[in-house]
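As structure tokens, the structure follows; a few thoughts come after it.
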Amino acid sequence: MELKLIPPIDLRIRIPILIVLLLPVVLAPNLGIGWRILACFMPLALTGTYRVTRFKGEWLHTCLYLAFVPVRRHKCKLAAIVHIGAKYGGSEPGMWTYILFGPVQWIFCWIFDYLVPALGGPFELWVETGRGREFIVWQGFHQGNFERNLDLLRNQTGGEIRSR
């Protein structure tokens, strides 16, 4: 049985979002081919950057995708994981940030958590093996997802939770 950390990465949602973001580039009049190609990079990076972490049998697999291309892979046995590193590295926005941006800030945090959680977010989960290898398995903005993923990691690996 294969388990994945949440939120699940659903390409059936990401691809239509990519198409919508690319429409202005395709339909823009008087835009040279070089500028069109350059304008495609940001939507590709926004929709195609994510991390997939899954438990497959007795193994933990994690892979970071950048613009839908796998760039960083890690794999280790579940029994080899001795520590789970939990980190909250963000700072709370101040009163003036809330006054200036208010609900818009909340909406953008939700969008970035959904589209590109692998690039940011104050919550991080790391694993450390008995040999001292460390790698990140999840990062995001949502505390509920953080807590559920931490529980799943603890139940699957039996590793000791440590603050980073």
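In this chain, residues are counted from 1 in sequence order.
- Under the rule for a side-chain hydrogen bond (donor to acceptor under 3.5 Å, both in side chains), the partners of E147 that lie at least two apart in sequence or sit in another chain are Q143.
- When atom types are taken as modelled, the side chain of W138 and the backbone of I6 share a donor-acceptor pair closer than 3.5 angstrom.
- The hydrophobic cluster around I136 extends to W126, counting ILVMFWY residues whose side-chain heavy atoms fall within less than 4.5 Å of a member.
- In this structure, K87 NZ and E124 CD are separated by 4.5 Å, a value rounded to the nearest 0.5 Å.
- Note that the CD1 atom of I17 and the CG atom of L46 stand 8.5 Å from one another [nearest 0.5 Å].
- For the atom pair CZ (R148) and CG (L5), the distance works out to 11.5 Å, reported to the nearest 0.5 Å.
- For E160, the salt bridge (Lys or Arg N to Asp or Glu O under 4.0 Å) test picks out R162, with sequence neighbours left out.
- Looking at residues two or more places apart in sequence or on another chain, you find a side chain to side chain contact (heavy atoms under 4.5 Å, CB included) between V71 and L64, L66.
- A distance-only check finds no donor-acceptor pair linking the side chain of R154 to the backbone of L150 [under 3.5 Å].
- Note on L18 and V52: same hydrophobic cluster, where clusters join Ile, Leu, Val, Met, Phe, Trp and Tyr whose side-chain heavy atoms are under 4.5 Å apart, directly or indirectly.
- Take R133 and apply the salt bridge (Lys or Arg N to Asp or Glu O under 4.0 Å) test, not counting sequence neighbours, and it matches no residue.
- From L3, atom CG reaches atom CG of N155 across 10.0 Å, with rounding to the nearest 0.5 Å.
- One hydrophobic cluster, built from ILVMFWY side chains closer than 4.5 Å, holds both I84 and Y88.
- Under a 4.5 Å side-chain heavy-atom criterion applied to ILVMFWY residues, the cluster that includes L38 comprises L31, I33, W35, I37, F41 as well.
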Can you give each donor-acceptor pair under 3.5 Å made by side-chain atoms of residues 73-81, sequence neighbours left out, with the distance rounded to 0.1 Å?
unit_1, atom_1, unit_2, atom_2, d
K77, NZ, E58, OE2, 3.1

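- Legend: residues meeting salt bridge (Lys or Arg N to Asp or Glu O under 4.0 Å) with R72, ordered by chain and number and at least two apart, are absent.
- Placement of I161 and V82 in two distinct hydrophobic clusters is found when ILVMFWY residues are connected by side-chain heavy-atom separations under 4.5 Å, directly or transitively.
- E128 meets the side chain to side chain contact (heavy atoms under 4.5 Å, CB included) test with H83, E134; sequence neighbours excluded.
- For T62, the side-chain hydrogen bond (donor to acceptor under 3.5 Å, both in side chains) partners are T53, not counting sequence neighbours.
- Partners of R12 by salt bridge (Lys or Arg N to Asp or Glu O under 4.0 Å), not counting sequence neighbours, listed by chain and number: D10.
- The cluster map of Ile, Leu, Val, Met, Phe, Trp and Tyr, joined by side-chain heavy atoms under 4.5 Å apart, puts L152 and W59 in different clusters.
- With rounding to the nearest 0.5 Å, the separation of CD in E2 from CZ in F55 is 10.5 Å.
- Every residue was checked against the side-chain hydrogen bond (donor to acceptor under 3.5 Å, both in side chains) condition with R36, not counting sequence neighbours, and none meets it.
- F68 and V20 fall into different hydrophobic clusters, where Ile, Leu, Val, Met, Phe, Trp and Tyr residues are linked whenever their side-chain heavy atoms come under 4.5 Å apart, directly or through other members.
- Proximity of L60 to V127: side-chain heavy atoms (C-beta onward) are separated by under 4.5 Å at one or more points.
- Side-chain atoms of R54 never come within 3.5 Å of backbone atoms of H61 as a donor-acceptor pair (strictly under, hydrogens ignored).
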